[in-house]
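Everything below concerns the one structure shown next.
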Number of protein chains: 2
Amino acid sequence: MDTTQWPLTYRRDCPSRTVVEVLADKWTLYVLAALRRQEGPMRFNELRRALDGITQKMLTRTLRALERDGLVSRTVYPTVPPRVEYALTGLGAEAGKLTTAIAEWSAAHVPEILATRAEFDARAAAAPRPVT
Amino acid sequence: MDTTQWPLTYRRDCPSRTVVEVLADKWTLYVLAALRRQEGPMRFNELRRALDGITQKMLTRTLRALERDGLVSRTVYPTVPPRVEYALTGLGAEAGKLTTAIAEWSAAHVPEILATRAEFDARAAAAPRPVT
DNA sequence: CTGCATCCAGCTTGATACTG
DNA sequence: CAGTATCAAGCTGGATGCAG
């Protein structure tokens, strides 16, 4: 398979894929959106409460990945009990703008999409795969 | 847990989450980007060739999900051999604009992010979790 | 409070073979 | 060409317990 003519993005070994794979994640999207909305640092449990349904494990993992890529900063205050704050970096704020756009677009088109989806499912239930 | 004060997006049962979960997917992102780039319909195997590394199964599944939500249209030409074309709908074009933005942003910041990532990994290897 | 470690069920994915 | 079917494997994510 000759891939030399393609845009880098579509190539299996393009490094940008590793970045996309971090961003193209449900929890990443919501974490960035929440931090962006807050317009300031948030504590671990504050984020957890904000993102209904996320487990401690997934929040930890997601934040770690974002920290690793420099999208989120992690600041530890050596107090008792410990206080850890997460904030968007400049890079994270940019990425957050993009993920927020997706969240907002999704929310805006929910009725439309849900209707289409229901119709599709109804057709699928009626006929196994109507051609055209 | 009282979630009544939160933006809908962050609630576990918000329907927009089901939409986000379709978009926040690696292959969805690339499929939309490829169709958008093409500026016209693409055949199944054409898409497959364009997206290095995708399996037939995942491409089928991804296209089906996009079709279900009305982001992509599927047209079957009853010829032999069959010819099936996929194209963005108006809605899909909008979504594609957003996912393309993510792909491009990722590509643009790869050097920066890869460097940050390497540094993070180096630190992690050196010290188990340096506070601050 | 902020996590890490572990166990484990189940969904996702890849590989492969087959069909209209 | 454009899929469907199947099976195994691997990763994801949830639950729980514990620690600094």
Side-chain angles (χ1 to χ4, degrees), chain A residues 1 12 17-18 20-31 34-35 41-68 72-87 124 127-132, chain B residues 1 12 17-18 20-31 34-35 41-68 72-87 120 124-125 127-132:
Chain A
M1 187 185 286
R12 188 202 304 261
R17 281 213 175 172
T18 68
V20 165
E21 275 158 46
V22 170
L23 293 179
D25 173 83
K26 175 172 83 167
W27 293 125
T28 294
L29 188 147
Y30 287 135
V31 164
L35 284 173
M42 291 179 80
R43 300 184 60 174
F44 186 85
N45 277 336
E46 193 180 356
L47 269 168
R48 177 139 79 126
R49 279 188 299 273
L51 305 176
D52 192 20
I54 196 170
T55 61
Q56 176 268 326
K57 181 178 179 174
M58 290 315 297
L59 180 53
T60 297
R61 187 183 297 183
T62 303
L63 286 170
R64 193 76 72 240
L66 291 173
E67 185 194 358
R68 185 167 103 105
V72 158
S73 68
R74 177 179 183 268
T75 310
V76 180
Y77 298 93
T79 60
V80 179
R83 173 190 183 83
V84 180
E85 286 187 347
Y86 294 90
R129 199 100 260 267
V131 174
T132 307
Chain B
M1 188 184 286
R12 187 200 306 260
R17 280 213 177 175
T18 68
V20 165
E21 276 158 44
V22 170
L23 293 178
D25 173 83
K26 177 173 79 166
W27 293 125
T28 295
L29 189 146
Y30 287 134
V31 165
L35 284 174
M42 291 179 80
R43 301 183 60 172
F44 185 85
N45 278 335
E46 191 181 357
L47 268 169
R48 178 140 77 126
R49 279 188 298 273
L51 304 176
D52 191 21
I54 196 169
T55 60
Q56 176 270 331
K57 181 177 179 176
M58 290 314 298
L59 180 54
T60 296
R61 186 182 298 181
T62 303
L63 286 170
R64 193 77 73 242
L66 291 173
E67 184 193 359
R68 184 167 103 107
V72 157
S73 67
R74 176 179 183 271
T75 310
V76 179
Y77 297 93
T79 60
V80 179
R83 174 189 183 85
V84 180
E85 286 186 346
Y86 293 92
F120 181 93
R129 194 105 255 273
V131 174
T132 306

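We use all heavy atoms of the structure for the numbers below, so side chains are in, but hydrogens, waters and symmetry mates are not. Lettering follows sequence order; numbering is per chain, from 1.
In terms of phosphate contacts, B/R43 brings a side-chain nitrogen or oxygen within less than 4.0 Å of OP1 or OP2 of D/dA2. When the side-chain nitrogen and oxygen atoms of A/Y86 are compared with OP1 and OP2 of C/dC1, none of them lie within a distance under 4.0 Å. Close to D/dC1, at under 4.0 Å from its OP1 or OP2, lies no side-chain N or O of B/R48. Applying the 4.0 Å criterion to OP1 and OP2 of D/dA2, one finds that B/R83 has every side-chain N and O outside that range.
Of the candidates D/dA2, C/dC1, C/dG3, C/dG3 carries the atom nearest the A/F44 side chain, counting heavy atoms from C-beta on. When each of D/dT4, C/dG3, C/dC4 is scored by its nearest atom to the side-chain atoms of B/T60, the top-ranked nucleotide is D/dT4. Minimum atom distance to the side chain of A/R64 is reached by C/dG3, of the listed C/dC1, C/dG3, D/dC1.
A donor-acceptor pair under 3.5 Å is formed between the side chain of B/D25 and the backbone N or O of B/T28.
Salt bridge B/R43/B/E85: absent, no basic N to carboxylate O contact under 4.0 Å.
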Can you give me the N/O atom pairs linking the protein to nucleotides 8-14 of chain C at distances under 3.5 Å, or say none if there are none?
residue	atom	partner	partner atom	Å
C/dT13	OP2	B/R61	NH1	3.4
C/dG14	OP2	B/T55	OG1	3.4
C/dG14	N7	B/K57	NZ	3.4
C/dG14	O6	B/K57	NZ	2.1

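Geometrically, A/R17 engages B/Y30 in a cation-pi contact, judged by NZ or CZ lying under 6.0 Å from the ring centre and within 45° of the ring axis.
With rounding to whole Å, A/L51 atom CG is found 16 Å from D/dG13 atom C1'. When the P atom of D/dC1 is taken as reference, atom CG of B/L63 falls 16 Å away, rounded to whole Å. As a whole-Å value, the separation of A/M42 CE from C/dT2 P is 11 Å. In this structure, A/L47 atom CG and C/dT2 atom P are separated by 10 Å, rounded to whole Å.
Summarising the geometry, atom CG belonging to A/L35 is positioned 7.5 Å from atom CG belonging to A/L63; distances are rounded to the nearest 0.5 Å.
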*Should A/L23 and A/L29 be marked as a side-chain contact (heavy atoms from CB on, under 4.5 Å) after you check the CA-CA gap, both sets of side-chain angles, and the distance that decides it?*
CA-CA 7 Å; A/L23 293 179; A/L29 188 147; over 6 Å; no
*May I have the step-by-step check of side-chain contact (heavy atoms from CB on, under 4.5 Å) for B/Y86 and B/M42, ending in yes or no?*
CA-CA 5 Å; B/Y86 293 92; B/M42 291 179 80; 5.5 Å; no
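Between A/Q56 and A/P81, the one whose closest nucleotide on DNA chain C sits nearer the 5' end is A/P81.
Side-chain to base pairing of B/E46 with D/dC1: no donor and acceptor N or O lie closer than 3.5 Å to each other.
You'll find the side chain of A/L59 reaches within 4.5 Å of the side chain of A/F44, heavy atoms only.
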